[in-house]
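This chain uses plain numbering: 1 for the first residue, then up along the sequence.
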Amino acid sequence: MVVISSVIFFYISINLHSFMSVAEFCTTIYHELFMSASVIFQFLYMLQRCILINVSVVSINSSGQSTVEFECVKETDLILIHSNKLNYTTLDNTHIVRLNGGSAPNIKSTWLQPKTQYLVIQLYGKLTQGQKYLLYAEFTGELADDLAGFYRSEYEEDGVRKIVATSQMHPTHARKTFPCFDEPAIKAVFYMTLIHPPGTNILAFKPNTHKSHSLNYLQTFLHKHKNLLSCVQIRIWARRAAIDQGQGDYALNVTGPILNFFQLYYNISYPLSKSDHIALPDFYFGAMENWGLVTYRETNLLYDPVTSSNGNKETTATIIAHELAHMWFGNLVTLQWWNEVWLNEGFATYVSYLGVNYAEPDWNVKDLIVLDDIHRVFAVDALTSSHPLSTKEDSIILPDQITEQFDTISYSKGAAVLRMLSDFLSEPVFVQGLNVLKANNVSLPRPVCEIMNRWVLQMGFPVVTIDTPTGKVTQRHFLLDPESNVTVESPYNYEWLIPVRWMKRGEVQGAMSGDLWVLANINATGYYRVNYDLGNWERLLVIPVINRAQLVDDAFNLARAQLVSTTLALRTTSYLSLETEYMPWQSTLNNLHYYYLMLDRTEVYQPMQNYIKMLVTPLFLHFKNMTSDWVRVPDRHTEQYNQVNAIRMACRTGLTECQNLTITWFKQWMDRPQHNLIEPNLRSAVYCSAIAAGGEVEWEFGWSQFEDATLASEASKLMSALACTTKVQLLERYLSYTLNSTLIRKQDASTVITAVASNRVGQSLAWDFVREHWEYMFTQYGVGAFNFASLINGVTARFSTPAELQHLGEFMEEHGAAGFGTATLAVEQALERTRANIKWLQQNKQEIWDWFNSQTGHQIH
């Protein structure tokens with residue numbers, strides 16, 4: 001069923017204190033078999049850890065003692081408590097734990113269950129309902145560099161090795177630090193004592209006392225701070241050099257406004273007296289929303305106004321906003337189980353755009369969710385191997401299954417669906433969570449729960465087809481490969497209740513018929529694609545910027561799904577020689593990226609290059625004039641982004657003027673290494689272009705600058721650019737560096753490999769490297785240090801031949817017994833994408849070749 005109107009409001013109750021239970025969306029089922037919380041109500045932890053450090057050795061150990069006080073809510077003779085990679089001390093020559101309190105039964109036996117990561121305690125008798133007990137254990141563990149649990153991060157300062165002991169407990173790594181009930185619904189009070197070397201600083205989630213500390217200690221980390229409204233202290237922590245150079249100043253200044261925004265948005269004051277933010281040299285995720293002490297990768301928190309780009313600045317603001325949103329939504333209120341991760345991450349992703357828009361109103365960042373999240377997740381959610389936002393609790397039990405939930409579906413689709421909900425409710429209603437709809441002429445086609453369940457409990461999304469001559473509107477499940485077999489059943493038969501906003505002749509209309517153009521899904525607020533009759537496609541010309549981007553994205557993906565011709569999709573790019581706005585250009589380049597992946601190893605590559613060069617040359621000259629021959633920086637945020645697109649694509653397609661420009665800039669830097677005059681916004685594009693055009697000398701210079709970089713975002717730009725070389729020997733050497741954490745940090749290894757794979761010269765090298773070293777990486781690096789899902793997606797992105805499909809199948813068969821851990825779903829999706837790519841290439845290659853050749857009567861130099 002499709003609901004058509006100019007404006008539609010559906011109602012759903014949103015209450016901050018109960019939202020995470022998802023009562024409005026679906027009925028959850030509680031499974032005692034897997035949930036230890038069904039028999040234990042956790043009360044508090046008492047924890048002490050001692051860190052033993054000798055910087056002359058590689059291995060650093062820590063020892064700990066823990067006491068968990070809990071209350072039994074159901075009689076049982078079995079205690080399941082999470083534990084992973086901990087070595088226990090036998091107590092009283094009997095067992096590795098001691099149970100005290102009341103009439104505590106004796107312990108019969110204990111054992112570790114590796115698959116579920118449980119320490120199982122079998123009792124001679126049953127625990128008494130309502131009785132409190134104390135569970136005591138002593139243990140040791142390595143303070144490893146695996147980026148999980150309680151781990152170490154290292155860096156050098158003035159030639160001296162420094163160590164940070166820090167933590168990444170989320171989602172299943174607290175159990176690697178101490179035995180605990182490691183489940184989201186089981187919150188607790190912690191009393192922690194950390195014994196640490198003299199002269200080191202301690203950071204805690206709450207203000208430290210002499211006997212209550214968190215699991216973070218720092219050597220020579222400094223901070224800057226300010227007070228927010230005289231009640232919340234904001235502090236930015238980082239390496240001494242970073243703080244001295246002012247790299248934490250922007251984060252310090254933007255955190256206050258964003259924190260203020262969320263206090264107003266939630267209508268709940270920030271509940272803590274401080275907000276610490278720390279940049280860590282080694283960190284797996286982008287950031288982690290620890291309550292009162294947010295941890296970040298250095299690239300995501302530190303910003304240098306002289307050398308960082310506006311993209312780096314937006315990243316810093318957006319990630320701070322995402323993590324601060326979690327201070328309420330995720331920390332103050334928490335999901336019941338991991339099957340509802342989308343509520344936590346999708347909500348934080350959506351409102352992070354609102355927070356940044358409040359702090360930086362000139363950026364118009366709210367529209368960028370379309371490019372950065374919605375278009376990105378469409379590509380994944382159009383596969384039969386996708387999954388619903390919410391699933392049954394008993395389908396997500398094992399640690400790897402839990403980690404897999406933190407994917408594009410949870411973050412980006414979650415944000416997109418919530419944005420759609422906010423749009424048809426209106427933002428004030430969405431925020432207030434009104435129980436009575438206060439709007440005129442509002443009708444609901446179904447109860448609220450049924451409307452939202454169709455978006456939450458079934459995977460995928462619809463394509464709405466509008467036939468303008470008849471006014472007929474239909475929907476169907478959109479699949480990139482229309483011949484693929486959907487094996488996952490849906491209780492709603494893959495039909496959605498769809499809010500449709502549309503316009504006709506530039507105005508929002510109340511009836512949809514006639515022979516003038518019609519445009520649906522205004523501002524791309526709905527989570528669906530739109531197809532039209534051929535005549536309407538021909539007439540769609542003057543439309544809003546955000547919809548120009550959406551129109552291109554819809555056309556290219558409808559063509560991949562064989563709902564419109566590939567020629568029609570390509571024709572939507574013809575006007576780009578007159579286009580200067582960022583969003584339509586970025587949408588086009590995102591879609592042409594797929595064409596590059598499929599065609600840059602075929603004879604179609606050069607005609608495609610010629611056509612894109614023809615389109616981008618006017619944009620290159622536009623920015624040359626706007627910036628007075630590359631001297632000025634464009635005023636608008638998105639203009640700065642599009643200037644990067646102009647240089648990147650002009651150089652990539654072989655525009656001589658562009659290539660000479662970037663080579664000259666890079667040579668000037670090589671001549672004076674201490675004086676990099678390349679404009680920060682352009683550095684990524686310039687570095688890549690110059691290193692691609694150069695040889696070993698340019699690559700070695702780039703590597704030396706990477707090693708000496710004092711700003712994480714600058715190191716990140718160089719790290720990506722080094723993968724742009726066309727020299728096979730250099731790419732092979734670069735890949736080998738990922739196995740040496742003194743050259744490439746573990747957190748960056750998968751990024752380097754996928755960057756090499758994105759180079760058409762390096763794709764096969766990266767795939768061979770992964771196949772050769774998979775077992776080592778999978779067993780030695782572990783989930784805390786390696787993004788295996790991203791790695792699989794990156795090295796298989798170009799797969800489009802039967803031989804590559806065979807190699808992927810052999811790879812799956814070879815390692816299937818050991819499993820793929822957090823990359824299990826990624827491997828399945830790679831297989832599905834490869835099959836679809838093979839068919840797409842067979843069906844479209846000739847048509848694309850003919851069209852590109854027809855458009856390029858001459859070449860531009």
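- In this structure, the side chain of Gln747 engages the main chain of Phe283 through a donor-acceptor pair within 3.5 Å.
- Side chains of Arg297 and Phe285 form no contact here, defined as non-hydrogen atoms less than 4.5 Å apart.
- Between the side chains of His277 and Glu323, not a single donor N or O lies within less than 3.5 Å of an accepting N or O.
- Remark: His387 pairs with no residue by the ring-ring contact (aromatic ring centres under 6.0 Å, His included) rule, at least two apart or across chains.
- The side-chain contact (heavy atoms from CB on, under 4.5 Å) search around Ala415 returns Thr349, Tyr350, Ile369, not counting sequence neighbours.
- Checked by atom type and distance alone, the side chain of Thr94 pairs as donor or acceptor with a backbone atom of Leu91 at under 3.5 Å.
- By the 4.5 Å heavy-atom criterion applied to side chains, Thr116 and Leu398 are counted as neighbours.
- Closest non-hydrogen pair, Phe262 versus Ala321, comes out as CE1-O, 3.3 Å.
- Under the 3.5 Å distance criterion, with hydrogens and angles disregarded, no donor-acceptor pair is assigned to the side chains of Asp400 and Thr824.
- Within the structure, the salt bridge (charged side-chain N to carboxylate O under 4.0 Å, His left out) test picks out the following pairs touching residues 276-286 (sequence neighbours left out): Arg235-Asp276, Lys274-Asp276, Asp282-Arg745.
- Arg152 contributes atom CZ, which lies 6.5 Å from atom CG of Leu143 (distance to the nearest 0.5 angstrom).
- Using a 3.5 Å distance cut-off with no hydrogens or angles, the side chains of Gln122 and Tyr124 do not pair a donor with an acceptor.
- A perpendicular orientation is assigned to the rings of His815 and Phe820, their planes being inclined by more than 60° (bins at 30° and 60°).
- Partner of Pro399 under the side chain to side chain contact (heavy atoms under 4.5 Å, CB included) criterion, chosen from Thr172, Asn84, Asp182: Thr172.
- Thr177 contributes a side-chain N or O that, together with a main-chain N or O of Phe150, makes up a donor-acceptor pair within less than 3.5 Å.
- Looking at heavy atoms from C-beta onward, Asn344 lies in side-chain contact with Glu289 at the 4.5 angstrom threshold.
- Side-chain contact check for Ser390 and Glu340: at least one donor-acceptor pair (N or O, by modelled atom type) lies under 3.5 Å.
- Counting only residues at least two apart or on different chains, the salt bridge (charged side-chain N to carboxylate O under 4.0 Å, His left out) pairs with a member in residues 80-105 are Asp92-Arg98.
- Legend: residues meeting side-chain contact (heavy atoms from CB on, under 4.5 Å) with Leu272, ordered by chain and number and at least two apart, are Lys206, Tyr270, Trp291.
- Under the 3.5 Å distance criterion, with hydrogens and angles disregarded, a donor-acceptor pair is assigned to the side chains of Lys187 and Thr334.
- For the pair Arg240/Glu157, a side-chain contact is recorded, criterion being any heavy-atom separation below 4.5 Å from C-beta on.
- Distance alone, capped at 3.5 Å, is enough to place a donor-acceptor pair between the His95 side chain and the Ile107 backbone.
- Relative orientation of the Phe788 and Trp774 rings is perpendicular, given thresholds of 30° and 60° on the angle between their planes.
- A donor-acceptor contact shorter than 3.5 Å is absent between the side chain of His173 and the backbone of Lys176.
- A search for ring-ring contact (aromatic ring centres under 6.0 Å, His included) contacts involving Tyr151 returns nothing, not counting sequence neighbours.
- A distance-only check finds no donor-acceptor pair linking the side chain of Ser412 to the backbone of Ile409 [under 3.5 Å].
- Here Arg161 pairs with Glu154 in a salt bridge; the nearest charged N to carboxylate O distance falls below 4.0 Å.
- Tyr88 and Ser83 share a donor-acceptor pair across their side chains, judged by distance under 3.5 Å alone.
- To the nearest 0.5 Å, atoms CG (Leu127) and CG (Leu78) are separated by 9.5 Å.
- Proximity of a side-chain donor or acceptor of Tyr266 to a complementary backbone N or O of Ala325 within less than 3.5 Å is detected.
- Aromatic ring centroids of His82 and Phe181 lie 6.0 Å or more apart.
- No donor-acceptor pair under 3.5 Å is formed between the side chain of Glu345 and the backbone N or O of Val341.
- At least one side-chain heavy atom of Trp338 sits under 4.5 Å from a side-chain heavy atom of Phe406.
- Ser395 contributes no side-chain N or O that, together with a main-chain N or O of Thr391, makes up a donor-acceptor pair within less than 3.5 Å.
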